[in-house]
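The structure under discussion appears below in the form of structure tokens.
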Amino acid sequence: MASDFPRLPPSGIKVIVVGAGFAGLAAAIECDRKGHSVTLLEKVDDIEEITRIGDIISFDPNGSKAFERWPGVVDAMEAIARQTTWLDLYHHEGKFVTRQSFAQEKSWGRRINGHRGQLHSIIYKHAVARGIDIRLGKRVEDYFETDDPPQAGVILSNGERLSADIVIAAEGVRSRGRKIVLGFDENPKSSGYAVYRAWFPAERILNNPKIRHLAANGDSHLGFIGPDIHFLASTIKNGTEVNWVFTHIDDGNIEESWQFPGKPEEALTYLGGWCDVVHELVKSTPPGRLIDHKLVYRDPLPTFISPRARIALIGDSAHPFLPTSIQGASQSIEDGVVLASCLELSGRSDIPRAVRAYEKLRYDRVHRAQANGPKVRERWHKADWSKVWKNPELIQLPREPWLLNFDAEKDAYDRYEEVVGTQSKL
């Protein structure tokens, strides 16, 4: 029952969250935990349009801390997550380079890597079980905020107006909320890269002597590094499912649809000279299990909040990450945690103070984390192999305590008064 979940007493704060992806769900659940009244709007009519998306997503310890506070969620996630504590890295021609261990991070929290749709489904079902007011098939066309009365709201495609004390825009890189925050329409740009993503049953590789070892002994995690491409693959659920992704140069028009059905034979055209393991994984991909996804870029925003500080952008709406950061999902969870906590600390009497505190707590950290994406991509795609063979750690992922050993809720509680004090001096 919804009443069985721990939550603070009602705050009287009405919250509208737009978008039921990971960012929106996290914000809605965290607001519910803090006693706020939440309405979650999602444009799709059937949530399975989101949950059936089949590629891998990663949550580092800083992101998974929130899941541990949602009863039953983290255990359900771990049951379907990849059970590895390492990443084996290879030269693109197949020679082993280095094993990077993540075992030392266990004290920081849990690493959750799994099927995007299945992990999303776990969180969505938790939100439903909490009794959150979730409304599917509600497309938001515009946002608004007023001083008299002090409120924010959205206008739906059918003309309906909904209002609340605060609106949280979490519907991704094309969020309509960006216009009211920036003051103008702004189109996404191509990053110059796209990524192939595949997920399929491991039975497709078990009879292939060149790649069966990836699934025969349980889960695996490996990467191949080459010029302008990195190829990551893993097996999951005790070696019963396979996934792989790789980036490639893309000069397509971002105004087109940014996600296409992929064809293995087209993917292979980027992989001339690559090793048999990579080629065989791509060839093993069944029809309908491959997508080609454009990586969208946005210039860093000067602000995440609207002029009257009653509308806040979170997740990809505020700060889209490159996959090589391995932090986009975790930072979106942190956003929801911090904003809900700031609302708790401000109370209904001063929503703008809470929203401004949220931005101050998040802005520098998010952009510092965001910068890791291009750095890792360059580290891999432009690797100087004469140096890497002498020092293989040069191509390992940065795993920094400031980023990963972090509790966003605790940080919000610890620094809220400090950042509010900074506001009052401006």
Side-chain angles (χ1 to χ4, degrees), residues 53-58 80-102 111-119 193-248 262-286 288-293 295 322-324 326 376-377 379-381 383 392 395-397:
I53 295 173
D55 67 318
I56 198 154
I57 192 168
S58 299
I80 62 170
R82 186 177 62 225
Q83 302 299 312
T84 59
T85 58
W86 66 87
L87 168 62
D88 287 335
L89 291 168
Y90 296 78
H91 185 273
H92 73 279
E93 294 176 345
K95 185 177 179 180
F96 176 75
V97 182
T98 182
R99 168 169 284 195
Q100 180 170 4
S101 173
F102 307 118
R111 294 173 59 248
I112 306 288
N113 301 274
H115 187 285
R116 180 184 300 268
Q118 293 169 10
L119 293 177
Y193 287 85
V195 58
Y196 281 105
R197 305 175 185 264
W199 193 293
F200 53 92
E203 62 191 36
R204 299 277 303 187
I205 71 171
L206 289 176
N207 293 323
N208 187 325
K210 294 180 179 179
I211 53 176
R212 70 177 307 277
H213 64 282
L214 300 178
N217 300 306
D219 294 355
S220 60
H221 188 201
L222 59 161
F224 297 83
I225 309 302
D228 280 325
I229 291 175
H230 63 275
F231 186 107
L232 299 174
S234 65
T235 52
I236 202 165
K237 296 183 184 177
N238 197 29
T240 61
E241 297 182 9
V242 180
N243 64 86
W244 59 260
V245 302
F246 81 84
T247 61
H248 61 90
K263 297 179 180 179
E265 58 271 24
E266 292 177 355
L268 286 169
T269 64
Y270 294 94
L271 299 170
W274 285 59
C275 65
D276 286 346
V277 170
V278 168
H279 279 212
E280 294 302 315
L281 280 169
V282 174
K283 291 176 184 177
S284 298
T285 307
R289 293 299 188 97
L290 177 61
I291 59 172
D292 190 10
H293 182 90
L295 295 178
L322 292 176
T324 41
I326 321 178
V376 172
R377 186 180 66 194
R379 175 182 298 188
W380 283 351
H381 292 194
I395 61 166
Q396 291 187 353
L397 292 167

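These values consider heavy atoms only, across backbone and side chains, with no hydrogens, waters or symmetry-generated copies.
Considering only heavy atoms from C-beta on, W244 comes within 4.5 Å of L290 through its side chain. Annotation: side chain of I57 is in contact with side chain of L119 (closest heavy-atom distance under 4.5 Å). Using a 4.5 Å heavy-atom threshold, the side chains of H213 and S220 count as separate. At least one side-chain heavy atom of I395 sits less than 4.5 Å from a side-chain heavy atom of V97. In this structure, the side chains of K237 and Q118 come closer than 4.5 Å at one or more pairs of heavy atoms. Side-chain contact between I326 and V376 is absent, with no heavy-atom pair separated by less than 4.5 Å. Using a 4.5 Å heavy-atom threshold, the side chains of I229 and H92 count as separate. Side-chain contact between R116 and W199 is absent, with no heavy atoms from C-beta onward closer than 4.5 Å.
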Trace of the side-chain contact (heavy atoms from CB on, under 4.5 Å) decision for I236 with H115: CA-CA 9 Å; I236 202 165; H115 187 285; over 6 Å; no
Verdict with reasoning, Y193 to D228, per side-chain contact (heavy atoms from CB on, under 4.5 Å): CA-CA 9 Å; Y193 287 85; D228 280 325; 3.6 Å; yes
Y90/V278 under side-chain contact (heavy atoms from CB on, under 4.5 Å): CA gap, chis, key distance, verdict: CA-CA 11 Å; Y90 296 78; V278 168; over 6 Å; no
Derivation and outcome, side-chain contact (heavy atoms from CB on, under 4.5 Å), residues T324 and H230: CA-CA 10 Å; T324 41; H230 63 275; 3.4 Å; yes
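Here CZ of R99 is found 7.5 Å from OG1 of T85. Values are rounded to the nearest 0.5 Å. Distance check, rounded to the nearest 0.5 Å: CG of L232 to CD1 of I56 gives 9.0 Å. We find the CZ-NZ distance between F224 and K95 to be 14.5 Å, quoted to the nearest 0.5 Å. Once rounded to the nearest 0.5 Å, the distance linking CG of L268 with NZ of K263 reads 13.5 Å. With rounding to the nearest 0.5 Å, the separation of CD1 in I225 from NE2 in H381 is 7.0 Å. Atom-to-atom distance recorded for T247:OG1 and R197:CZ is 10.5 Å, nearest 0.5 angstrom.
Ring geometry for Y270 against H248 counts as tilted: the plane angle lies between 30° and 60°, on a 0 to 90° scale. The aromatic rings of F246 and Y196 lie tilted to each other, with the angle between the two planes from 30° to 60°.
H221 places a side-chain N or O within 3.5 Å of a backbone atom of W86 that can act as its donor or acceptor partner. With hydrogens and angles ignored, the 3.5 Å screen pairs a side-chain donor or acceptor of T235 with a backbone N or O of G218. Distance alone, capped at 3.5 Å, places no donor-acceptor pair between the E280 side chain and the N208 backbone. Between the side chain of R379 and the backbone N or O of Q396, at least one donor-acceptor pair lies under 3.5 Å. Of the possible donor and acceptor atoms, one in the side chain of D219 sits under 3.5 Å from a partner among the backbone N and O of G239. Side-chain N or O atoms of S284 include none that pairs as donor or acceptor with a backbone N or O of I205 at under 3.5 Å.
Among all heavy-atom pairs drawn from L87 and G223, the shortest one is CD1-N, 3.9 Å. Across all non-hydrogen atoms, the minimal contact from L281 to F200 is O-CZ, 3.9 Å. The heavy-atom pair separating N113 from S58 by the smallest distance is OD1-OG, 2.6 Å.
Other residues, nucleotides and ligands contribute more than 12 heavy atoms inside 6.0 Å of the CZ atom of R204.
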